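Note that this is a predicted model, so its numbers are computed, not measured. Just so you know, ligand 1 is whichever comes first in the structure, and atom 1 is the first atom listed for that ligand.
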Amino acid sequence: MKKVVLITGFTGMDGANLTEYLLKNTECEIYGMVRRSANPNFKNVKEFLDNSRVKIVYGDLIDLISIKNLVEKIQPDYLINLGANSFVGCSWDMPIQVFETNTLGVLYCLEAIKSVKPNCRFYQASSSEQFGDVLYSPQDIKHEWRPRSIYGCSKCSSHYLVKVYKESYGLYAVCGILFNHDGIKRGPEFVTQKIALGVANIHNQISKKQPITPIKLGNLDAKRDWSDSEDFVDGIWRMLNQEEFNQQLKEKYISKNFYTENIGWLFKEIKDYILASGETHSVKEFIELAFKEANIEGYWEGKGINEKYLISNYLIEEHNLNSNILVEVDPKFFRPAEVNILCGDSTPARKELNWQPKVSFQELVKKMVRHNINNPQV
Ligand code: F7E
């Protein structure tokens with residue numbers, strides 16, 4: 001029997017990358033949950049829509065009835081919850097919507113599984129934002145939660161809900177604590193894509209001898225542990241199938257003909273895992289590498305809100321440019337409270353699940369800039 005997967009957040013970056021991964025590496029049938037809207041955005045998933053293994057279903061994380069109906073109708077073997085209001089910055093502007101989607105939505109998924117299909121495996125997208133105001137680096141699974149955003153709080157609450165449902169009802173429910181992961185399908189409001197799009201735009205303007213548009217950003221000193229989402233979806237699938245990817249579990253159970261469909265024994269063994277690169281880089285480093293990839297030389301000048309990344313003088317003359325500013329600070333992008341540094345320890349996922357990311361920070365920056373230069377926004 002082919003396994004059935006229900007993905008929330010299907011049209012987002014992770015949803016699209018996971019769909020691609022499952023189509024390539026498994027025989028699963030995929031149901032992508034989409035919220036009904038007047039202007040649906042299928043940009044990230046358009047290449048999968050004609051695939052007979054992919055079906056769109058309508059539902060909303062904040063509507064328990066819709067989630068329950070879908071679980072009843074589809075009878076999924078896996079419910080992978082990637083749906084969330086994932087933009088940290090906006091969580092101060094719409095705190096209730098963030099909690100409803102990111103926390104109540106998880107509760108509804110767990111309730112639906114518990115009452116309709118308790119052997120459906122559940123994945124929850126936990127986040128490094130839960131570590132917040134960190135006490136040490138790299139952060140491991142034992143690091144306490146010290147969230148600095150409403151988004152971070154919503155993810156801590158849902159993390160605990162998963163734990164409680166797992167322990168109370170014996171569900172295969174797992175949280176992947178994912179550090180920043182980006183890629184060519186990333187939304188334009190996140191800092192990596194904002195920079196990559198801005199650099200590609202300036203590259204285009206210089207080549208057409210048009211005035212250049214500086215990129216306006218917030219905290220340039222924030223440090224993050226950035227990876228490629230395409231590497232992380234592989235880690236997510238490994239977390240959902242730990243008895244297959246963890247050699248010790250495999251030997252302990254599968255080789256002794258344990259009935260894996262009966263997950264009664266399994267929920268006690270499964271673990272939450274961190275996915276991260278183990279490196280931390282500042283927003284400034286991302287900017288420098290991004291301009292380098294576009295062959296635009298620059299340098300930093302000024303401090304605090306007056307800090308700017310300026311284009312090298314010889315390029316101004318060569319291209320007869322109107323302005324020398326490539327990047328400037330706009331305080332409107334500062335957050336009321338900031339997570340200054342994140343760096344994750346993913347040793348257990350690497351050792352136990354045999355997970356190995358392929359794309360480095362430098363390759364990620366190049367890939368995003370190159371993609372935007374080759375596919376200019378219209
Ligand atoms: O910000 C700083 C900003 O919005 C990264 C989400 O996937 O990862 C992501 O959350 C850093 C922050 O991602 C701008 O202040 C400076 O320090 O790209 P971001 P995030 O907040 O780290 C975690 C793991 C998640 O779970 C989230 O869902 O960059 N920054 N200037 C800026 N950030 C933005 N967005 N825009 C700026 O202009």
Side-chain angles (χ1 to χ4, degrees), residues 9 12-15 17 81-93 98 101-103 105-106 124-134 138-139 143 145 147-159 175-183 185-199 213-229 232-233 235-236 274-277 280-287 290 304-305 307-309 326-344 346 361 364-365 368:
M13 170 184 68
D14 289 350
N17 287 334
N81 183 36
L82 306 175
N85 186 334
S86 62
F87 187 39
V88 175
C90 122
S91 71
W92 282 274
D93 300 327
V98 165
T101 313
N102 298 4
T103 311
V106 176
Q124 166 58 11
S126 286
S127 162
S128 52
E129 270 294 301
Q130 292 165 220
F131 295 120
D133 189 12
V134 303
Q139 294 82 50
H143 191 291
W145 304 137
R148 296 271 287 160
S149 61
I150 292 155
Y151 171 87
C153 295
S154 74
K155 288 284 180 176
C156 289
S157 311
S158 46
H159 192 105
C175 293
I177 304 155
L178 271 46
F179 279 64
N180 290 60
H181 48 289
D182 293 68
K185 294 192 169 178
R186 192 52 145 155
E189 68 276 37
F190 295 92
V191 79
T192 53
Q193 190 70 301
K194 194 171 163 183
I195 297 167
L197 281 167
V199 170
T213 317
I215 309 170
K216 292 179 193 285
L217 296 171
N219 181 5
L220 302 174
D221 296 316
K223 287 181 144 189
R224 290 290 184 276
D225 178 333
W226 276 293
S227 300
D228 191 326
S229 156
F232 276 21
V233 293
I236 292 174
I274 283 177
L275 299 183
S277 76
T280 188
H281 297 277
S282 64
V283 172
K284 272 190 190 166
E285 281 175 78
F286 197 104
I287 293 167
I305 59 164
E307 190 157 21
K308 290 182 176 52
Y309 197 56
L326 296 171
V327 176
E328 61 191 345
V329 174
D330 184 337
K332 103 169 165 216
F333 297 110
F334 289 152
R335 294 177 179 175
E338 175 67 286
V339 170
N340 294 320
I341 179 167
L342 287 172
C343 181
S346 58
F361 171 69
L364 174 71
V365 180
M368 292 181 74

Peer 1: Could you find the nearest protein heavy atom to atom 20 (P) of ligand 1 and give me its residue, atom name and distance?
Peer 2: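 That would be N180 ND2, 3.7 Å.
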Peer 1: Measuring from atom NE2 of H159 to atom OG of S126, what distance do you get when rounded to the nearest 0.5 angstrom?
Peer 2: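 The OG atom of S126 is 5.0 Å from NE2 of H159, to the nearest 0.5 Å.
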Peer 1: What residue and heavy atom of the protein are closest to atom 24 (C) of ligand 1, and at what distance?
Peer 2: S128 OG, 3.3 Å
Peer 1: Do H181 and D228 pair up side chain to side chain, a donor and an acceptor below 3.5 Å, judged on atom types alone?
Peer 2: no
Peer 1: Is a donor on one side and an acceptor on the other found under 3.5 Å between the side chain of Q139 and the backbone of C343?
Peer 2: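 Side chain of Q139 to backbone of C343: a pair is present.
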Peer 1: Should the proximity of V283 to ligand 1, defined as any heavy atom under 4.0 Å, be assigned to the side chain, the backbone, both, or neither?
Peer 2: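 The answer is the side chain.
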Peer 1: Any side-chain to backbone donor/acceptor pair from S229 onto G183? Under 3.5 Å, distance only.
Peer 2: no
Peer 1: R186 heavy atoms, cut-off 4.0 Å: which ligand 1 atoms fall inside?
Peer 2: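 Contacts of ligand 1 toward R186, numbered from 1: 6 (C), 7 (O), 9 (C).
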Peer 1: To the nearest 0.1 Å, how far is atom 27 (C) of ligand 1 from its closest protein heavy atom, and which atom is that?
Peer 2: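 Of the protein heavy atoms, S86 O, 3.3 Å lies nearest.
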Peer 1: What atoms in ligand 1 come closer than 4.0 Å to a heavy atom of E338?
Peer 2: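 Here the atoms of ligand 1 in question are 3 (C), 12 (C), 15 (O), 17 (O).
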Peer 1: Does K284 qualify as a cation-pi partner of Y309, given the criterion of NZ or CZ under 6.0 Å from the six-membered ring centre and within 45 degrees of its axis?
Peer 2: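 Judged by the rule, K284 and Y309 form no cation-pi pair.
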Peer 1: List in chain and number order the residues that pass ring pair (Phe, Tyr, Trp, His ring centres under 6.0 Å) with F179, two or more places apart in sequence or in another chain; answer none if no residue qualifies.
Peer 2: F131
Peer 1: Below 4.0 Å, non-hydrogen atoms only: which portion of K155 touches ligand 1? Side chain, backbone, both or neither.
Peer 2: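 None of K155 does.
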Peer 1: Which is it for F190 and ligand 1 at heavy atoms under 4.0 Å: side chain, backbone, both or neither?
Peer 2: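 Answer for F190: both.
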Peer 1: For the atom pair CD1 (I150) and OG1 (T103), what is the distance rounded to the nearest 0.5 Å?
Peer 2: 11.5 Å
Peer 1: Which protein heavy atom lies closest to atom 12 (C) of ligand 1, and at what distance to 0.1 Å?
Peer 2: R224 NH2, 3.4 Å
Peer 1: Report the nearest protein non-hydrogen atom to atom 23 (C) of ligand 1: residue, atom name, distance rounded to 0.1 Å.
Peer 2: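 Scanning the protein heavy atoms, the shortest distance from atom 23 (C) of ligand 1 goes to S127 OG, 3.8 Å.
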Peer 1: Looking only at N/O atoms, are Y151 and ligand 1 under 3.5 Å apart anywhere?
Peer 2: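 In this structure, Y151 places an N or O atom under 3.5 Å from an N or O of ligand 1.
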Peer 1: Under the 3.5 angstrom rule, does the side chain of S91 hit a backbone N or O of F87 as a donor-acceptor pair?
Peer 2: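 It does not hold such a pair.
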Peer 1: Which ligand 1 atoms does F333 reach within 4.0 Å, using its non-hydrogen atoms?
Peer 2: 38 (O)
Peer 1: Can you list the ligand 1 atoms lying under 4.0 Å from a non-hydrogen atom of A222?
Peer 2: 17 (O)
Peer 1: Any Lys/Arg nitrogen of E338 or K223 sitting under 4.0 Å from an Asp/Glu carboxylate oxygen of the other?
Peer 2: no
Peer 1: What part of R148, side chain from CB on, backbone N/CA/C/O, both or neither, has a heavy atom under 4.0 Å from ligand 1?
Peer 2: neither
Peer 1: Could you tell me whether G218 and ligand 1 have an N or O pair separated by under 3.5 Å?
Peer 2: yes
Peer 1: Taking only heavy atoms of L178, which atoms of ligand 1 are found under 4.0 Å from at least one of them?
Peer 2: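 Reading through ligand 1 atom by atom, the close ones are 24 (C).
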Peer 1: For residues Q124 and S158, report the shortest heavy-atom separation together with the two atoms involved.
Peer 2: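 The answer is NE2-OG, 3.4 Å.
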Peer 1: So if I count the atoms of ligand 1 from 1 in the order they appear, which ones are less than 4.0 Å from some heavy atom of F87?
Peer 2: 4 (O), 35 (N)
Peer 1: Do any nitrogen or oxygen atoms of K194 lie less than 3.5 angstrom from nitrogen or oxygen atoms of ligand 1?
Peer 2: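 Yes.
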Peer 1: Counting N and O atoms only, with roles assigned by atom type, does the side chain of K155 sit under 3.5 Å from a partner on the main chain of P147, one being a donor and the other an acceptor?
Peer 2: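 No, K155 side chain to P147 backbone: no donor-acceptor pair under 3.5 Å.
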Peer 1: Which residue and non-hydrogen atom of the protein lie closest to atom 19 (P) of ligand 1, and at what distance in Å?
Peer 2: R335 NH2, 3.7 Å
Peer 1: Could you find the nearest protein heavy atom to atom 10 (O) of ligand 1 and give me its residue, atom name and distance?
Peer 2: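 Going atom by atom, the protein heavy atom closest to atom 10 (O) of ligand 1 ends up being V88 CG2, 3.6 Å.
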Peer 1: Over all heavy atoms of both residues, which pair between T101 and N85 is shortest? Give the atoms and the distance, please.
Peer 2: CG2-N, 4.0 Å
Peer 1: Do E285 and R224 sit within salt-bridge range, that is, some charged N less than 4.0 Å from a carboxylate O?
Peer 2: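 No.
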Peer 1: Specify the protein heavy atom at minimum distance from atom 32 (C) of ligand 1: its residue, its atom name, and the distance to 0.1 Å.
Peer 2: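 Answer, as residue, atom name and distance: V191 CG2, 3.5 Å.
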